[in-house]
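Since the structure is predicted, the reported quantities are computational estimates derived from the model, not experimental observations. We name chains A, B, ... by the order of the sequence lines, and we start the count at 1 in each one.
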Amino acid sequence: MTRLWSYGALAIGILYFLLPLYGMSEFSLRMIRGEYSLQAYYVVLGDARFQATFGYSVLMALVTIVFGVLLVVPTAFWVRLKLPGLRPYIEFITLLPLVIPSIVIVFGYIRLYNTSSWLPLTGTAMGTNVLLMFGYATLALPYMYRAVDTGLRTIDVATLTEAAQSLGAGWSAILARIILPNVLGAVLSGAFLTFAIVIGEFTMAALLDRPAFGPYMQLLGANRAYEPAALAVIAFAITWACMGLIQLVTRFSKHNRVAR
Amino acid sequence: MVNSSPARRRLPLTWLGVVPFFVFVGLFLLLPTLYIVVGAFRTPGGDFTFDNIIALNTPSILSAYWVSIKISFWSALLGCLIGFAMAAAITVGKGPRWMRDPLLTFSGVASNFAGVPLAFAFIATIGPAGIITLYLRTEFGINLRLMGFNLLSTLGLVITYLFFQIPLMILIITPALDGLKREWREAAAILGATNAQYWRKVAFPILFPSILGTMALLFANAFGAVATAIALTGPSLNIAPILLYAQIRGDVLGSPNLGYALAFGMIVITGIANTAYIVLRARSERWLK
Amino acid sequence: MKTMNALAASTSIVAMLSATTTFAQSMDELIAGARAEGMLTTIALPHDWCGYGAVIDGFKAMYPFLEVNELNPDAGSADELEAVRANRDNTGPQAPDVLDVGLAFGPAAQAEGLIAPYMVSTWDTIPESARDAEGHWYGDYYGVMSFIVNTDLVENVPTSFADLLKPEYVGQVALAGDPRASNQAILAVLAAGMSRGAEPGAAAAQAGLEFFAELNAAGNFVPVIGRAGTVAQGTTPILIQWDYNALATRDTLAGNPPVEVVVPTDAVLAGVYVQAISAYAPHPNAARLWMEYLYSDEGQLGWLAGYCHPIRFNDLVARGVVPQELMDALPPAEGYAAAVFPTIDQVNANREAVVAGWDSVVGANVE
């Protein structure tokens with residue numbers, strides 16, 4: 001590829017990406033007519049509903065991460081150790097959430113787990129929250145599983161487990177004190193990605209009528225001019241922070257392993 | 001060996017370890033999907049029928065699918081081309097080497113920056129009162145609105161979707177481009193091939209399954225996206241995901257099982273696209289391990 | 001004779017007692033019942049609509065033991081009825097307790113058995129033309145149809161429906177709802193029809209549909225649901241909506257961008273909304289408490305602060321309980337003098353014609 005093509009492609013691409021980011025940042029500063037100010041940010045951050053919905057989404061993200069870790073790490077470990085034949089099937093299943101649109105999944109939830117079913121999760125607010133959390137965990141499953149599986153691939157699971165067992169450790173001790181610390185980098189990568197996904201998620205929260213951040217952003221977008229742009233900047237900053245933390249964590253854990 | 005007892009006595013306990021996973025996946029991924037798929041073939045009374053699928057054959061529903069397919073196809077194709085050009089520039093091309101890591105990091109961020117905030121960003125930029133729109137009008141006298149450009153159209157949606165399609169392409173195709181061994185290029189040069197011939201006869205044939213497969217993935221990615229579209233155009237744009245959203249919210253189509261059929265149609269389309277991706281990825285891994 | 005009198009007296013007492021099931025229960029019973037229920041689920045109440053934000057806050061302050069669960073603020077009247085239908089068997093937080101729908105949707109909901117009757121304690125002060133005799137639905141507030149115009153993007157502010165067809169407004173005119181589900185949009189079509197001289201009812205519906213078909217063909221119509229955000233962002237610089245919503249939007253935007261609220265000269269249509277309690281309400285006592293609050297002086301003045309004319313407006317004015325600054329902030333009364341209040345039959349006929357005919361006559365779709 002000639003130099004012209006390379007630089008040209010990069011220039012066009014970078015322009016395409018930077019313009020909307022510049023556009024939304026500039027728009028968010030124009031709340032007070034005729035001057036640049038952070039007024040839109042003050043209004044947004046001071047809005048009680050912003051704090052409530054953002055807090056709700058952060059809490060849901062943390063609960064989803066904990067649940068995801070508790071589900072995925074033992075499963076990936078067990079499969080790698082005892083049931084390696086099952087790996088292709090489990091990998092296929094973990095890729096399904098990428099195939100089936102999340103709107104279809106939540107449609108199934110609403111039909112399957114309403115108050116006239118055997119598992120009436122939508123009957124109470126807390127039940128619906130649990131259902132939403134399961135939905136988030138399903139959305140994050142591909143990324144979480146892939147991250148943990150990649151992490152487990154780099155450590156010798158069989159030897160470590162044997163050594164721990166010969167020292168008298170039970171399964172929970174093995175998982176908590178041997179395996180988890182060794183794949184912490186991978187787990188944290190999955191965790192940050194889950195966080196980014198949950199914070200911005202709209203479809204499931206809107207259809208289950210939960211007060212999450214995604215529907216709040218959409219509501220604000222319909223009713224305000226400048227605050228949505230401020231929200232978009234905040235959301236982008238959060239996503240960037242999550243990705244940055246993932247990079248940091250993987251770089252840090254790589255150095256750890258090399259040193260050992 | 002980890003366990004020395006006879007395998008048969010151990011087997012039930014071994015399977016116990018994956019029970020939680022299968023229970024969760026079964027209840028919250030497989031069962032809901034199966035319920036939808038089965039519901040697509042049932043009447044409200046519970047009998048088996050093809051009526052719902054046939055009932056999809058109305059102009060507005062077909063149009064919804066068709067517009068979705070159009071938007072997904074174009075955003076996938078353009079994302080593929082532009083993403084490939086950019087990825088090639090930083091791997092095998094003559095682009096600046098220092099740009100590789102920041103571009104990959106940014107691609108990771110941008111590919112997740114979909115949904116509601118993305119729509120706001122584009123409205124603020126090329127919407128009717130956007131920065132670029134106003135700039136073009138005041139500085140160059142170009143009035144996009146009178147020229148017929150409207151952000152709230154399939155074209156506008158394609159342009160917006162590219163923001164997460166291009167980075168996804170970059171992220172997936174960069175490892176494939178890295179897999180192009182330098183030896184092949186040197187061997188081609190020794191045999192007298194020009195740069196263009198190398199690309200036409202060696203590099204593209206090897207990369208083609210990867211490129212096509214990633215395009216299929218981008219297609220499926222765009223097809224299921226509903227948040228960005230709703231935030232951009234409101235719930236009145238007639239594309240398949242928004243139609244399903246309206247149907248779930250309130251039976252706008254007049255028949256509850258028609259919603260199942262709609263969802264089933266979406267699963268079929270994304271399923272085909274993803275199968276294509278998996279098949280092509282397996283083929284490409286022959287050369288690009 | 002005496003026994004006959006006694007019998008007559010006792011039968012009338014029994015009749016009155018059985019009728020008290022729809023008359024207001026004692027407030028103490030309501031509060032005790034609501035306390036046990038603990039939650040009220042509302043739907044389709046944007047905080048900027050008639051000052052609902054302040055009204056809900058006032059309700060929460062008066063009954064702090066009640067949690068107010070607000071569903072889908074963007075729902076139209078038809079969506080509200082659909083939510084009741086879809087949640088017939090569901091007693092969870094997705095089932096709405098109370099509805100606020102357009103006048104035409106009240107009788108429709110009643111016919112389908114979706115709403116339960118209830119007569120608030122101030123029942124007698126509600127005009128008869130705006131309530132169901134048996135108490136199934138009851139008017140709550142009204143306003144007139146107007147335009148809100150973003151003067152940053154629109155040079156010449158249109159003053160009538162006929163103006164909207166001018167070529168300078170290409171890609172700028174929008175409705176504030178889906179004309180197949182939102183009462184506001186359906187009545188905007190009626191107003192457009194009336195501007196062409198048609199009689200309110202099915203005739204104006206047809207004329208209105210034709211108006212929008214022309215608007216769409218000229219490219220002036222934007223098939224997007226207009227909101228305050230879209231007016232300011234420029235997607236829908238000219239929006240047809242109730243004057244109270246337009247005035248609330250003007251306040252929210254606070255001059256950035258500057259907007260103008262215009263009542264069209266060729267059609268002044270007044271629209272009434274009605275309240276109703278869902279027949280499948282999971283929290284019936286909380287729902288009745290909510291109605292009592294809305295129809296108290298405090299609730300009605302809350303709506304007045306949101307630029308709506310509450311249904312008991314005349315009664316409040318007659319008793320002199322309306323603060324002067326609220327009266328001054330209202331749109332000028334002369335506009336309301338010329339307003340046309342269509343009858344129930346007319347809005348019903350209009351609703352059916354518009355919902356059925358929109359797709360085929362206008363067929364506007366985002367391309």
With a 4.5 Å limit on heavy-atom distance, are the side chains of [X] and [Y] in contact?
| X | Y | answer |
| --- | --- | --- |
| A:Leu96 | B:Leu30 | yes |
| A:Tyr7 | B:Pro96 | yes |
| B:Met86 | A:Ile12 | no |

For chain B, which candidate among [options] shows the most heavy-atom pairs at distances under 4.5 Å?
| options | result |
| --- | --- |
| A:Thr138, A:Thr239, A:Val72 | A:Thr138 |
| A:Ala137, A:Ala206, A:Gly244 | A:Ala206 |
| A:Gly108, A:Ser25, A:Gly8 | A:Gly108 |

So which residue, [options], ends up with the most heavy-atom pairs under 4.5 Å with chain A?
| options | result |
| --- | --- |
| B:Leu162, B:Val226, B:Ile166 | B:Leu162 |
| B:Ile159, B:Ile123, B:Leu103 | B:Ile159 |
| B:Phe163, B:Phe264, B:Tyr35 | B:Phe163 |
| B:Ile267, B:Leu244, B:Thr125 | B:Thr125 |
| B:Tyr198, B:Tyr260, B:Phe223 | B:Tyr260 |

Using heavy-atom distances under 4.5 Å, tell me whether [X] contacts chain A through its side chain, its backbone, both, or neither.
| X | result |
| --- | --- |
| B:Leu217 | neither |
| B:Val18 | both |
| B:Phe21 | both |
| B:Val116 | side chain |
| B:Leu118 | neither |

Query - Donor-acceptor contact present, side-chain A:Tyr109 to main-chain B:Pro32, <3.5 Å - result: no

inquiry  = Using modelled atom types and a 3.5 Å cut-off, is there a donor and acceptor pairing between side-chain atoms of B:Thr270 and backbone atoms of A:Ile100?
reply    = no

Region of [X] in contact with chain B, defined by heavy-atom distances below 4.5 Å:
| X | answer |
| --- | --- |
| A:Leu193 | side chain |
| A:Ile105 | both |
| A:Pro228 | both |
| A:Leu70 | neither |
| A:Leu98 | backbone |
| A:Tyr113 | side chain |
| A:Gln218 | both |

Indicate the ring-plane relationship of B:Phe122 and A:Tyr16, choosing parallel, tilted or perpendicular according to the 30° and 60° boundaries.
tilted

Q) Between B:Phe24 and A:Phe67, is the ring centre distance below 6.0 Å? A) yes

Are B:Phe120 and A:Tyr226 an aromatic pair, judged by ring center distance below 6.0 Å?
no

